[in-house]
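Notes follow the structure.
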Amino acid sequence: MAASTEEIAKLEENPRGIPRAPFVQDVEKHLGSPDAEVESSIRAFQEAISKYKYMENNLMQRKKGLEEKIPDIKKTLAMVQLLQDRKNNETSDPITSTFELNDTLWAEAVVDDTDEVYLWLGANVMLSYPIPDALALLQTKLKGAQTNLKGITDDLEFIREQVTVMEVNTARVYNFDVRRRRQKGLTKS
């Protein structure tokens with residue numbers, strides 16, 4: 001009896017809930033009998049492959065977003081750390097900084113010592129934070145983003161392995177059917 005997609009999904013999962021693909025050791029046993037049809041099994045495998053591919057595309061988009069976000073968080077963290085260090089050292093010289101306003105527009109600013117910074121949180125939201133709170137928030141965000149990136153990278157590797165297993169299963173079932181048809185053709189002659 002061929003495994004349905006639901007049966008495939010009920011198998012083991014990785015730590016983030018992605019199901020492990022079953023490896024078909026014995027194709028005849030998997031199909032249920034030597035004369036069982038293979039189309040439903042191949043269709044179930046192809047459906048599982050397409051689901052894995054869909055998950056892979058979503059994870060690739062998330063990974064790309066995190067890979068863009070992490071350097072921004074690091075730059076912001078370094079700047080807030082610089083402001084903290086300047087405040088602790090009581091340096092009285094203001095900082096002259098060039099910053100990006102737009103892709104093609106840069107501006108120069110003089111930054112005096114300050115007790116607070118404004119962090120862009122996204123979705124048109126900017127909040128004022130005391131420097132120590134801003135450092136703690138940025139460090140937490142950086143650690144979370146790096147953890148997510150590692151998890152996504154692990155998931156992508158896991159998914160690629162599962163796609164390979166499902167492709168091998170598909171090929172094994174198809175080859176079994178080809179051999180079976182050849183044998184039936186030879187016995188009829």
Side-chain angles (χ1 to χ4, degrees), residues 3-25 30 42-88 95 97-103 106 111 114-172:
S4 69
T5 306
E6 292 78 26
E7 290 170 341
I8 292 170
K10 290 178 185 175
L11 297 171
E12 297 177 33
E13 298 177 339
N14 79 344
R16 284 162 292 285
I18 300 172
R20 179 175 300 279
F23 180 72
V24 177
Q25 290 284 347
H30 170 74
I42 289 175
R43 199 174 318 114
F45 291 154
Q46 294 296 343
E47 188 177 318
I49 289 171
S50 68
K51 287 179 181 180
Y52 283 126
K53 293 285 188 178
Y54 178 77
M55 285 186 264
E56 181 180 29
N57 287 336
N58 286 339
L59 289 172
M60 288 296 288
Q61 289 174 352
R62 287 180 49 204
K63 182 179 179 180
K64 184 178 177 184
L66 284 172
E67 287 173 340
E68 292 172 0
K69 185 190 228 181
I70 288 174
D72 288 342
I73 294 172
K74 286 180 177 179
K75 284 191 325 190
T76 304
L77 184 60
M79 182 51 70
V80 174
Q81 186 65 52
L82 174 72
L83 292 173
Q84 175 76 26
D85 293 344
R86 286 183 54 82
K87 184 175 179 186
N88 290 344
I95 300 172
S97 176
T98 304
F99 61 95
E100 185 178 11
L101 288 174
N102 193 326
D103 289 338
W106 292 76
V111 181
T114 181
D115 293 332
E116 63 183 13
V117 293
Y118 293 84
L119 297 179
W120 184 261
L121 301 178
N124 294 325
V125 176
M126 182 179 276
L127 289 177
S128 169
Y129 285 93
I131 290 178
D133 292 349
L135 281 171
L137 175 69
L138 289 168
Q139 288 167 344
T140 302
K141 292 287 185 190
L142 179 60
K143 185 177 180 182
Q146 289 171 332
T147 301
N148 285 343
L149 182 61
K150 182 180 178 345
I152 287 172
T153 303
D154 293 345
D155 285 349
L156 284 169
E157 183 179 322
F158 181 79
I159 285 175
R160 287 184 188 115
E161 290 173 9
Q162 303 321 301
V163 167
T164 302
V165 168
M166 295 307 288
E167 288 171 345
V168 167
N169 287 341
T170 303
R172 289 174 54 95

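Hydrogens, waters and symmetry mates play no part in the numbers below; they use all other heavy atoms, side chains included. What you see is a predicted model, and the numbers here were worked out from it, not measured in a lab.
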Query - Summary of salt bridge (charged side-chain N to carboxylate O under 4.0 Å, His left out) pairs that have at least one residue in residues 144-156, sequence neighbours excluded - result: Arg16-Asp155, Lys150-Asp154
Query raised in the report: Looking only at heavy atoms, which two atoms of Pro19 and Gln162 are closest? And how far apart?
Result: O-CG, 4.1 Å
Report summary line: In short, Tyr52 meets Ile18 closest at the heavy-atom pair CE2-CG2, 4.0 Å
Query raised in the report: Does OH belonging to Tyr54 count more than 12 external heavy atoms closer than 6.0 Å?
Result: no
**Report entry** Exceeds 12 heavy-atom contacts within 6.0 angstrom, atom CE of Met55
**Finding:** yes
Query raised in the report: About how many Å separate CZ of Arg43 and CD of Glu47, when rounded to the nearest 0.5 Å?
Result: 9.0 Å
Query raised in the report: Can you check whether Thr76 reaches Val117 side chain to side chain, under 4.5 Å on heavy atoms?
Result: no
Requested in this report: Calculate, to the nearest 0.5 Å, the distance between atoms CG and CG belonging to Asn57 and Leu156 respectively.
Outcome: 9.5 Å
Anything under 3.5 Å between a donor and an acceptor, one on a side chain of residues 126-145, the other on a protein residue two or more places apart or in another chain? List them.
residue : atom : partner : partner atom : Å
Ser128  : OG   : Glu116  : OE1          : 2.9
Thr140  : OG1  : Ala136  : O            : 2.8

**Report entry** Least distance between heavy atoms, Gln25 atom then Arg172 atom
**Finding:** O-NH2, 2.5 Å
Query raised in the report: Just how far is it from atom CE of Met166 to atom CD of Glu161, taken to the nearest 0.5 Å?
Result: 14.5 Å
Requested in this report: Measure the shortest side-chain to side-chain distance between Thr153 and Glu157 over non-hydrogen atoms and say whether it is less than 4.5 angstrom.
Outcome: no
Query raised in the report: Given the rule in the side chain to side chain contact (heavy atoms under 4.5 Å, CB included) test, do Leu83 and Ile95 qualify, once you have shown the distances and angles that lead to the verdict?
Result: CA-CA 9 Å; Leu83 292 173; Ile95 300 172; 4.2 Å; yes
Exercise answer: donor-acceptor pairs, residues 59-74 side-chain atoms, under 3.5 Å, sequence neighbours excluded:
none

Report summary line: Here the gap from His30 atom NE2 to Phe45 atom CZ, rounded to the nearest 0.5 Å, amounts to 3.5 Å
